[in-house]
There are 2 protein chains.
Amino acid sequence: MRHPSVTYSDRTFQALADPTRRAVLDLLRRGSQPAGEIAGAFPVSRPAISKHLRLLRRAHLVHEHREGRHRVYQLNPEPLRAIDTWLEQYRSFWKMSLTNLKTFVETEYAKETTQPRAAKPNTKTSKGDR
Amino acid sequence: MRHPSVTYSDRTFQALADPTRRAVLDLLRRGSQPAGEIAGAFPVSRPAISKHLRLLRRAHLVHEHREGRHRVYQLNPEPLRAIDTWLEQYRSFWKMSLTNLKTFVETEYAKETTQPRAAKPNTKTSKGDR
DNA sequence: ATAATGTGTAACCGTACAGTTACGTGATTA
DNA sequence: TAATCACGTAACTGTACGGTTACACATTAT
């Protein structure tokens with residue numbers, strides 16, 4: 001079950017989880033398109049794409065506006081900034097050499113692991129606070 | 001139904017779709033930890049976390065090694081590079097001002113929309129293959 | 001008015017989570 | 001050896017997708 005409160009970037013991450021939806025975004029980078037034309041670019045049925053578009057809308061990754069009987073979809077890259085921000089915290093990690101990472105990790109966890117016994121972390125105490 | 005072939009970064013995006021799993025990664029940035037201690041940091045049951053860890057493992061976002069009766073999990077930021085690469089293509093978009101984006105989009109789609117009739121994209125031709 | 005287009009939605013099916021409790025298993029401790 | 005610890009896994013439940021077909025609805029075109 002999903003958590004009761006679904007955050008903003010939650011929807012974003014969730015929307016990006018599907019390869020078809022990412023492909024739709026990739027497509028829209030080339031310019032806005034009506035739903036039907038987007039659907040034409042994929043090997044699935046039009047309603048399937050329609051539902052993908054609904055999720056992308058829900059995540060604010062696309063904007064839609066009517067144009068005659070078309071519904072034109074436009075990329076909105078704004079929510080991707082949140083992803084970028086999240087990733088930012090990890091950049092330093094993959095810039096570290098693996099050896100450095102290993103060292104860092106070892107020193108960090110050293111206090112819990114070096115002593116065979118006394119270090120048994122009391123798992124339960126820290127459980128209530130989140 | 002999932003596509004037959006699930007790509008590498010597919011697993012990654014999918015693993016990141018869940019807020020708990022992202023939180024686990026955030027936790028591991030501070031240093032490796034055994035499964036139980038990770039579980040202690042969340043309001044869900046230990047088996048639930050165990051399953052999250054399985055997905056993270058499947059996405060290669062964490063490494064696991066046994067240490068006595070503990071299983072220590074370590075962050076592996078490597079797969080996140082793929083996400084970063086994907087995002088890279090969108091950076092230019094959110095750096096553009098909205099007006100510029102609008103202009104770009106309009107000129108791009110102009111050929112299909114400016115002529116009322118003749119431009120009707122033949123959606124069906126590419127659709128027949130499914 | 002009627003027909004055709006372009007889209008979204010409803011209803012239905014199968015699968016993959018996310019969570020739970022109960023249980024199995026290897027490593028430590030008594 | 002027996003008890004305990006730290007996990008993973010199995011079995012089960014509910015929900016959200018991802019896909020399909022059938023249909024409703026609004027907007028042109030005849």
Side-chain angles (χ1 to χ4, degrees), chain A residues 1-4 6 10-11 13-24 32-40 42-59 62 64-73 112-113 115-124 127, chain B residues 1-4 6 10-11 13-24 33-40 42-59 62 64-73 112-113 115-124 127 130:
Chain A
M1 197 212 291
R2 293 254 166 271
H3 256 51
V6 177
D10 228 341
R11 301 274 198 196
F13 274 110
Q14 210 181 318
L16 295 181
D18 186 85
T20 303
R21 282 193 292 269
R22 291 199 301 278
V24 167
S32 302
Q33 287 187 16
E37 203 162 346
I38 297 172
F42 295 91
V44 294
S45 72
R46 195 188 46 67
I49 297 297
S50 189
K51 294 211 283 186
H52 282 306
L53 288 171
R54 176 158 62 193
L55 292 205
L56 289 171
R57 248 185 285 132
R58 202 178 64 180
V62 298
E64 174 237 335
H65 74 273
R66 290 153 144 97
E67 204 159 299
R69 49 189 173 188
H70 295 82
R71 290 182 186 216
V72 178
Y73 283 88
E112 266 97 20
T113 50
Q115 308 95 312
R117 264 201 102 206
K120 189 194 72 146
N122 52 344
T123 310
K124 292 309 154 194
K127 193 174 187 178
Chain B
M1 194 214 294
R2 292 257 167 273
H3 257 53
V6 178
D10 229 340
R11 301 273 198 198
F13 274 110
Q14 209 180 318
L16 295 181
D18 186 86
T20 303
R21 282 193 292 269
R22 291 198 302 277
V24 168
Q33 287 188 17
E37 203 162 344
I38 296 171
F42 296 91
V44 294
S45 71
R46 195 186 48 65
I49 297 298
S50 191
K51 295 210 283 184
H52 282 306
L53 289 172
R54 177 160 58 191
L55 292 205
L56 289 172
R57 248 184 286 130
R58 202 178 64 180
V62 297
E64 174 236 336
H65 73 272
R66 290 155 144 96
E67 204 159 299
R69 48 187 174 188
H70 295 82
R71 292 186 185 210
V72 179
Y73 282 89
E112 265 96 19
T113 50
Q115 308 95 312
R117 269 200 98 204
K120 192 195 70 155
N122 51 343
T123 311
K124 293 305 157 196
K127 200 177 184 176
R130 78 140 270 291

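Heavy-atom basis, side chains included; hydrogens, waters and symmetry copies ignored. Chain letters run A, B, ... following the sequence lines, proteins first and then strands; every chain starts at 1.
The NE2-C1' distance, from A:His65 to C:dT7, rounds to 15 Å in whole Å. In this structure, A:Phe42 places its CZ atom 10 Å from P of D:dG19, rounding to the nearest Å. A:Glu64 has its CD atom 6 Å from the P atom of C:dG8, to the nearest Å. The separation between A:Glu67 atom CD and C:dT5 atom C1' is 15 Å, rounded to whole Å. Atom C1' of nucleotide D:dG8 and atom CG of B:Leu56 are separated by 15 Å, given to the nearest angstrom. When the C1' atom of C:dG19 is taken as reference, atom CG of B:Asp18 falls 11 Å away, rounded to whole Å. If you take CZ of B:Arg57 and P of D:dC7, they are 12 Å apart, rounded to a whole angstrom. Across the protein-nucleic acid pair, B:His70 atom NE2 and D:dT4 atom P stand 18 Å apart, rounded to whole Å.
Listed nucleotides C:dG8, C:dA18, D:dG18 differ in distance to B:Leu55; the shortest reach to its side chain belongs to C:dA18. Here the nucleotide nearest the side chain of B:Ser50, chosen from D:dC7, D:dG8, C:dT20, is D:dG8. Proximity note for A:Arg58 (side chain, C-beta onward) versus C:dT20, D:dC17, D:dG8: the nearest is D:dC17. In the set C:dG8, C:dG19, C:dA27, the nucleotide with an atom closest to the side chain of A:Ala35 is C:dG8. For A:His52, counting side-chain heavy atoms from C-beta on, the closest listed nucleotide (D:dG8, C:dT20, D:dG18) is D:dG18. Here the side chain of B:Pro47 is nearest to one of D:dT27, C:dT29, D:dT9, namely D:dT9. The side chain of A:Thr20 sits closest to D:dG19 out of D:dG19, C:dG19, D:dC7. Among the nucleotides D:dC7, D:dG18, C:dG19, the one closest to the side chain of B:Arg46 is D:dC7.
Toward the 5′ end of DNA chain C lies the nearest nucleotide of A:Leu53, the other residue of the pair B:Arg11 and A:Leu53 mapping further downstream. For the pair B:Arg71 and A:Ile49, nearest-nucleotide mapping onto DNA chain D gives the more 5' position to B:Arg71.
Contact check, A:Gln14 against D:dA16: no side-chain N or O comes under 4.0 Å of OP1 or OP2. Side-chain N/O atoms of B:Ser45 include none lying less than 4.0 angstrom from OP1 or OP2 on C:dG19. Side-chain nitrogen and oxygen atoms of A:Arg69 include none within less than 4.0 Å of the OP1 or OP2 phosphate oxygen of C:dA4. Distances shorter than 4.0 Å separate some side-chain N or O of B:Tyr73 from OP1 or OP2 on D:dG8. Phosphate contact (OP1/OP2 of D:dT9, side-chain N/O of B:Arg54, threshold under 4.0 Å): present.
Exactly one of A:Arg71, A:His70, A:His65 qualifies for a side chain to side chain donor-acceptor pair (under 3.5 Å) with A:Glu67. That residue is A:His65.
Remark: the B:Lys51 side chain and the D:dG8 base include no donor-acceptor N/O pair separated by less than 3.5 Å.
For the pair A:Arg46 (side chain) and A:Ala39 (backbone), a donor-acceptor distance under 3.5 Å is absent.
Looking at every heavy atom in both residues, A:Ala17 comes nearest to B:Asp10 through O-OD1, 4.0 Å. Pairing each heavy atom of A:His52 with each of A:Arg21, the nearest pair is ND1-NH1, 3.1 Å. Of all heavy-atom pairs spanning A:Val62 and A:Arg57, the tightest one is CG2-N, 3.7 Å.
Residues A:Arg58 and A:Leu55 form a side-chain contact, since some pair of their non-hydrogen atoms from C-beta on lies under 4.5 Å apart.
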